[in-house]
Amino acid sequence: MSDLATPKPAAAPALPRAWPRRFILWGLALAALAYLPVLLTERMIFGIYLSNMTLLNLGLSQVNLMLIAMLGALSLNYLTGCAGLISIGHAAFYATGAMSAAVIGTQLGLPFPLVLIGSALAGAVMGVVAGLPSLRVQGLYFVLSTMAVHYLVAYVFLEYQFRVFDVVGVPFGTPSLFGFELSTPMRWYFFLLALVALVYAGLSNSLRSREGRALLAMRDHERAATSLGVDVRILRIKAFGLTSAIAAVAGTLYAHYLSNATSESFGITFAIQFIAMIIIGGMGSLKGSLIGAALWLLLPSIITGFAAGFGGGSGIVGSMLGEHRAQFVQLIFGLLVVALLIYAPGGLVSIGPKVRALLGRWRKG
Amino acid sequence: MMTLTRKILPTRSSAYRALLIAAPIIACLGSAPALAQNTPQDGVHPDRVDWGVLMDLSGPTSASQSIWVAGLQDRIRMVNEAGGVHGRRINILAEDNRFNAATDRIAFEKLVSQTPVIAISGMGTSASQVALSPTIRAGKVPIVGTYTSTKALSEPVSPMVYNGFCGYKEMAQAGVGHYVDRLGLKAPKVATVAIESAGGKEYHDFIAEAVAKRGGTAHHITMKVTAVDVTPQALELMALKPDFITIYGVPNTAILTMKALQQYGVKIPAFGITYLGAPQIFTAMGPEAGANYTFASCFTPGGSDTLPGNVEMMTFAEKVGRTAIREDINYVAGWVAGQMISEALQRAGREATRAKLVESLSKGFTIDTKGLSAPIVYTPQNNTGPVLFRMFGYDHATRKFTAFGEYADSARYVQ
Amino acid sequence: MERAVDDILLSIEGLEIRFGGLVALQSVSFTARRGDITAVIGPNGAGKTTLFNCVTGMYTPSAGSIAFAGKELTGLKPFEIARLGIARTFQNLALFEGLSVLENLMMGAYGRGRSGLLEGMVRSRRAVREEQQARARALDMLALLGISELADKRPGELPYGAQKRVEFGRVLMQDARLILLDEPMAGMNAAEKDELVALIRRIRSTLGVSFLLVEHDMPVVMGVSDHIVVLDFGRKIAEGVPEAVRRNEAVIAAYLGADAPEEALHGMPGATV
Amino acid sequence: MLGQVLFSGLALGSIYGLVALGFVVILKATDVFNFAQGMFVVCGAYLAVTALSLLGLPFPLAILFIILGAALMGMGVHAALIRPLSGRPILSIIMVTIALSIVMRAGIEILYGPAGRTLSTPLPSGGFLFAGLRISQLHLTAAAVSWLCMLAFGLFFRFTSVGLLMRAAADSHEAATIAGVKVDAMNRLAWAIGFTLAAIGGLFLGQLQIVSTELETIGLLALPAVVIGGMQSIPGAILGGLLVGVIEQLASTYISPKSADVMIYALLLVILLVRPWGLLGQKAINRV
């Protein structure tokens, strides 16, 4: 274990120059990411069968849904963590994306790339509308206005579903991107991985450009940003439009991945989970959004796996795990969020350096 | 796993690293029990066979679905205590879908490939049934004993799907037929009180169809799942003056409707769907309002008769300390599903595989519940399962369910 | 004092602002000439910062007009005023904590760029060019201020004096024609003050920028200003060259009560806050 | 018909108002926008189940049990979660209340099982005719008790010394600290009161409905109620609660039940855009 716990021990002198080493590591990381879906599907490595718990009770669908959630978390963190606009309306943008995909794809039968573009546009428009109250109100009041927007969109979705489609939900076909059919989880994985990488790169690029920096400035000190010539009102609306376009695309993908969506799929708890993700990962950190989404989507399953492993035991804990495993998982999860909020307010990205410092000390001493 | 971790490990920032340091530790812990045995593809082990259950155990419908799972597990426990099937213990892997289609997909995939099971029961979330139905129909894992059935999954008939609960269509036909005949109606005027959900609308359509056949009219009245006060609905019912009411929804839907009608001194008979058959629902209504309420069921609730199936279930439930829920209709339904599981495995033979199970079931089979349910017969042309119904009321004095007639009586209503 | 009309950069006429029943500024009128360092002084609560906020558009005056290079400012939004060429610092530092020192300075170049969020995402040619220009200028500015080594630090990690410089640098990055400094000397030691005064003079002479400053440190004000406006309880009570203001009876009265000796103004403590 | 609908709307609205009042007390004292208020309502209902069905306490004792239990839990929540997080950004605090509701839901389902329970109390449950309206006694009792609680709290807040101290602490923490008010104790008290008011609401909601964790959704209607009425205003919370109740019933009757939520939130949006400080609140929006 110990050599794993210290990430790059004696390797440094062997490769003195920084960039080739970095190159190799990137290559290895890409190889690992490319191999991951194979591992999760075949569930064996070098011919050795791996048990479910060795793979942490994870499956490929989970990873795919995590990647979709990452899009949502990235966009929400960009909006909330970077631009300082708190929104509980993220489920509404997902729903907007799903709805426009249903109109463009399922009803009109247009090809998938058009569906994606259309839902991004619809999401952007919806985002601008949802952002308009920010011209009048701020802080908590604005949070509540996004919540109101959520209920309005949820209602529209419900009416749309009941009037146009069957009672069991809105159906979505198998998407096809220029001949590449997203028919298996494996294909989805590579498509989503590329998309997440693209969105991540785009958002972090924008934060290192003129207006993106202005967003951060506006979050930190609105009056100072204004005095530098930043029109914060327009900038806010722009940020809203951009992030909800991303969220809407994520919603489209989510609906297509599940192949059937109902209005219940996009409830207020759906929106809240994105807030939890960015808080867990780290507000204002795009990397944190990825970590938060990964944790939120994967951890319940990991806890469930362990709960199942120990479920056979006797006594109070055993019976609790046997009878109420689902509740137990929720309990652990809620407590974890509380603990993180109290002890790691900067999210998991903020404890990284602390852990490294601790490890460094441990290695030396 | 270790190789994998090491590959990713140094590439990301420190936080990622911290996270990934934890992963191999967890993995090592996890692999300890895992190394003890090698999991074969179809969930059949030398000493046990794994069988999956996909139900809502912590979401909004967990109140009824978890009781169904309890019934199923108790029946399996009884089977296991008697030595299992073909010398193998049945091991139920119950996955929680939290009434969420995404969680359901993850759990389904898990039961198909991660912790392989021979077959799956339950699938209580209709939205995800629809979403998963192409996968199920084209896949290898049969669904034996569904908790709810959607058209997408059950039509056309497939050797991969066996309904295990009372169907809404037949329920509507039997209920409408029973009440029209009992009240001697010519052109019945019926009101459906339903929660605003997909299923509610579907059920209303079945009722409307059955009522139309008898020359009557049906009205749809909706209610929120979380309603606290149903004055508007009660007023609408009073204005409508239907001959009888049919209720679809959660226990609260039935309780509030009946209590509100009682408040206004209106005595219109009503029947609920099978899921709304629990002693607590009747006790919450109170004797007066409860007297007008019955529910349509293809299962016989615990304690309502002394047929062997019922006695067997009540005795075992008492033994394992389930006295609080053994009279709930969901418990009975789960118990019957448990019996379906053991008999299906019996048929699959000593060397059971998924393929053998599907093959043996597809020839058709019958479950003899010894009076605990309507006849359950599956044929290659029809996997609907129980289709006959009885109405059940509740005697507040004796705290026992009382049945109206026999299952066979409803045969003339059901097509 | 006579002033040529085309020489006037900022002209304030009958400025008045009320908050509810409170009159914060009452018919204040003065002008600031191009190339001048104009100081606004007065006791606490005299309305100096309020005046700044009116000029920069943060407050909307109840009456009066503010003209900048002949253009009316009242009714304009703060960012529009900033884009016309008026920059300001804040009484309590207003740095962006989430950005590095270098990025703080680069924010100063915001008004000169045109690229938007989407261009930034895809790194369009224009976005990259603007980025490189801003970076180069910010690095130059850091060198000019002598704090190149702080480029990657966060403002919160720096001592107060260094933070002041960063803010000053950010203001200079704006290429403004008029710079409003709100108590630039507060919290600085004597050496730092001298340095800043020298810097302000140098900037004025090399870039031709005009300054309007609020300051409590009398020796600095008397030393650096070309023109001084004195406010008390929201009214202008005096105006003129430093020497004239120093001798003004009303000013002395305002600061120390009617009988205070003239010398008191010389040694006025720097921070009366 | 309209009269009947208005009566039930006002009766329900009284309960919402009571829950919203608890919400505002917490908000005023500690600036916490408490998303767990819905779970507090659920807790109240389960406390009632515990006292009446499990422990079999006589009704007056059961009421005492509920009030004490709720007050203790309120203090516990404040000490364990709110105080350690004071001064943090609003999103963290909102999130901790959300996490709290997740934990409470799981805890309740572990202790009591996921199935709903019925709550029977000796409170009258019949009905009578009055001026052409059929009045449900339970509704009437719920409304009356809610109004009593609100009145009692109003008197306490206005006329007792502790109430005065609470108001002082809510108005300005610093000033109150300087004046020697134990702000921390006042905040703890505010949480105890907020929890208790929600719990009393839960007692009635649990009786009108069925006791389960799903009552949370109903409890959370306090949120729009508070904003519509005015976030910092105590009469505003009560007015907001009444409005939400009436709108809900009117929308259910004349449009459709599923439109009820939309109507409430549409009003919320309009209020936010036109009069963000709420119907009875004071214009101090930048304080938030």
Side-chain angles (χ1 to χ4, degrees), chain A residues 74-75 77-79 81-84 120-121 124 127-128 135 198-246 282-286 346, chain C residues 52-53 56-58 77-90 92-100 102-104 106-124 126-131 133-135 154-156 167 170-171 173-176 180:
Chain A
L74 278 172
S75 61
N77 211 345
Y78 191 82
L79 183 70
C82 302
L121 286 178
V128 169
L135 303 182
L198 214 62
V199 168
Y200 181 88
L203 291 182
S204 67
N205 277 344
S206 101
L207 286 180
R208 278 183 277 113
S209 75
R210 174 177 168 269
E211 277 207 329
R213 199 158 36 236
L215 278 180
L216 297 169
M218 174 177 83
R219 170 199 68 186
D220 287 347
H221 204 300
E222 192 178 318
R223 291 209 323 160
T226 302
S227 80
L228 297 173
V230 179
D231 185 355
V232 291
R233 308 191 323 155
I234 296 295
L235 197 57
R236 273 198 201 117
I237 303 286
K238 272 180 158 181
F240 238 105
L242 173 66
T243 54
S244 22
I246 297 172
M283 283 287 260
S285 156
L286 293 182
Chain C
F52 266 32
N53 284 338
T56 51
M58 307 255 170
K77 299 254 158 30
F79 74 91
E80 291 169 325
I81 293 172
R83 286 177 188 179
L84 285 176
I86 296 181
R88 72 170 293 181
T89 65
F90 290 82
N92 306 310
L93 286 165
L95 292 170
F96 307 122
E97 286 304 326
L99 300 180
S100 70
L102 183 69
E103 287 173 319
N104 263 282
M106 285 166 81
M107 267 310 292
Y110 179 84
R112 309 207 308 164
R114 289 288 167 272
S115 63
L117 284 179
L118 287 175
E119 281 184 64
M121 277 182 85
V122 299
R123 297 194 74 67
S124 75
R126 182 163 72 170
V128 172
R129 193 185 59 228
E130 284 176 4
E131 183 68 9
Q133 285 171 352
R135 179 174 299 269
R154 292 283 163 117
E167 198 189 28
R170 188 177 73 193
V171 156
M173 287 284 291
Q174 282 182 261
D175 287 333
L180 277 59

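Chain letters run A, B, ... following the sequence lines, proteins first, then strands; residues in each count from 1.
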Provide the closest heavy-atom pair for [X] versus [Y] in the form atom of the first, atom of the second, distance.
X	Y	result
S209(A)	G120(C)	OG-CA, 3.3 Å
S227(A)	A82(C)	O-CB, 3.2 Å
Y110(C)	A214(A)	CE1-CB, 3.4 Å
F79(C)	V230(A)	CB-O, 3.4 Å

Quick check on [X] against chain A: is it the side chain, the backbone, both or neither that has a heavy atom closer than 4.5 Å?
X	answer
F90(C)	side chain
T56(C)	neither
L84(C)	neither

So what's closer than 4.5 Å to chain C heavy atoms on [X]: side chain, backbone, both or neither?
X	answer
Y78(A)	side chain
L215(A)	side chain
R219(A)	side chain

Once rounded to the nearest 0.5 Å, what's the spacing between atom CD of E97(C) and atom NE2 of H221(A)?
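Result: 9.5 Å between the selected atoms.
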If you measure from OG1 on T226(A) to CD on E80(C), what distance do you get to the nearest 0.5 Å?
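Between atom OG1 of T226(A) and atom CD of E80(C) there are 11.5 Å.
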Using the side chain to side chain contact (heavy atoms under 4.5 Å, CB included) rule, take L216(A) and M107(C) through it: C-alpha gap first, then chi angles, then the decisive distance, then the call.
CA-CA 10 Å; L216(A) 297 169; M107(C) 267 310 292; over 6 Å; no
Answer whether the closest heavy-atom distance between the side chains of Q174(C) and L228(A) falls below 4.5 Å.
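A side-chain contact under 4.5 Å exists here.
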Residue pair E131(C) / N205(A), side-chain heavy-atom distance below 4.5 Å:
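Not in contact.
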Output all residues satisfying salt bridge (charged side-chain N to carboxylate O under 4.0 Å, His left out) with R233(A), sequence neighbours left out; order by chain, then residue number.
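Scan of R233(A) (salt bridge (charged side-chain N to carboxylate O under 4.0 Å, His left out), adjacent residues dropped) gives none.
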Those residues that, when tested against R126(C), pass salt bridge (charged side-chain N to carboxylate O under 4.0 Å, His left out) (two or more places apart):
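Residues passing salt bridge (charged side-chain N to carboxylate O under 4.0 Å, His left out) with R126(C): E119(C).
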Taking L117(C)'s backbone N and O only, do any of them form a donor-acceptor pair with E211(A)'s side chain (distance below 3.5 Å, no angle check)?
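Side chain of E211(A) to backbone of L117(C), a donor-acceptor pair under 3.5 Å: yes, one is there.
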Test item: D220(A) side-chain N/O and G98(C) main-chain N/O as donor-acceptor pair under 3.5 Å:
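Confirmed, D220(A) side chain pairs with G98(C) backbone.
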For the interface with chain A, which of G113(C), A109(C), P78(C) has the highest count of heavy-atom pairs at distances below 4.5 Å?
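Highest number of heavy-atom pairs under 4.5 Å: G113(C).
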Option that, when pairs with chain A are counted at under 4.5 Å, heavy atom only, ranks first among A87(C), S115(C), G111(C)
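Between A87(C), S115(C), G111(C), the count favours S115(C).
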When heavy-atom pairs shorter than 4.5 Å are enumerated against chain C, which of K238(A), M218(A), R208(A), R223(A) gives the highest number?
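Answer, by heavy-atom pair count under 4.5 Å with chain C: R223(A).
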Pairs of heavy atoms under 4.5 Å with chain C: top-ranked of A225(A), A239(A), A201(A), G284(A):
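Maximum pair count with chain C is reached by A225(A).
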Apply side chain to side chain contact (heavy atoms under 4.5 Å, CB included) to L242(A) and M121(C), showing your working.
CA-CA 11 Å; L242(A) 173 66; M121(C) 277 182 85; 3.6 Å; yes
Within a radius of less than 6.0 Å around CZ of R123(C), do more than 12 heavy atoms belonging to other residues, nucleotides or ligands occur?
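Yes, the 6.0 Å shell around CZ holds more than 12 heavy atoms from other groups.
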